[in-house]
Amino acid sequence: PPAFPFREVAKTVSNEAFRPLLRQCVEAECKRSECVPANAFQHATRAVDAILAHDPEPLFDTEGENEYGMPAKLLHDVLAAQRAVWKSDPKLSPGVQDLISKLEA
C-alpha cells in the first residue's frame, strides 16, 4: 500500500463532528448514485477506522468483496462529490479538504 500521512489526517477524522458529517455526505451521495446509505456509510467508516488505527491494510483493501471498492477511494469520492455538505462546517472543512487531497495522492 502507498505511504499515507495518517497522523496528519487523524485529527480531522477523530473530531466528534466528522462521522455525522460523513453520514450526511454518504446519504446525499446515495440519493444521487442510488447506493444503500447504511452499507456505504459502514464501508466509509472502515476507512475512517483504518486512518485512526494508522493501518494501511483496511484503508487500501481491494480484496474485500463489496460494491464500493477500496475504502480509501469511497471516502475520497463521497467527500469530493459532497463538497457543499462539508463546506458548511467552518471548523472541519479545512481538514476535510486536506483529507481529500491526501486520499487523492
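Small disclaimer: the values here were computed from a predicted structure and weren't measured.
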Knowing that exactly one of V96, V48, L92 qualifies, which makes a side chain to side chain contact (heavy atoms under 4.5 Å, CB included) with V13? V48

If I compare all heavy atoms of A44 with all of L74, which pair ends up nearest, and what's the gap? N-CD2, 3.5 Å

Does E104, at its CD atom, have more than 12 non-hydrogen atoms belonging to other residues, nucleotides or ligands within less than 6.0 Å? yes

Identify the two heavy atoms, one from A72 and one from A47, that lie closest to each other, and give their separation to 0.1 Å. N-CB, 4.2 Å

Please check this pair: side chain of W86 against backbone of L79, looking for a donor-acceptor N/O pair closer than 3.5 Å. yes

Contacts of H76 meeting ring pair (Phe, Tyr, Trp, His ring centres under 6.0 Å) (sequence neighbours excluded), chain-then-number -> none

Is there any ring-ring contact (aromatic ring centres under 6.0 Å, His included) pair reaching into residues 29-54, and which pairs are they, with sequence neighbours excluded? F6-H54, H43-Y68

Quick one: closest heavy-atom pair of V85 and A28, and the distance? CG2-CB, 4.3 Å

Could you grab the distance from atom CG of D55 to atom CZ of R46, nearest 0.5 Å is fine? 10.5 Å

With sequence neighbours excluded, give me every salt bridge (charged side-chain N to carboxylate O under 4.0 Å, His left out) pair touching residues 72-82. K73-D77

CG-CG distance between L59 and L75, expressed to the nearest 0.5 angstrom: 8.0 Å

Not counting sequence neighbours, list each pair that qualifies as a salt bridge (charged side-chain N to carboxylate O under 4.0 Å, His left out) and has a residue in residues 82-100. D98-K102

Disulfide bond (SG atoms under 2.5 Å apart) pairs touching residues 73-105, sequence neighbours excluded, are none

Under the side chain to side chain donor-acceptor pair (under 3.5 Å) definition, can you give me all pairs with a residue in residues 9-25, not counting sequence neighbours? R19-D49

Atom of V36, atom of C30 and distance for their closest heavy-atom approach: C-SG, 3.9 Å

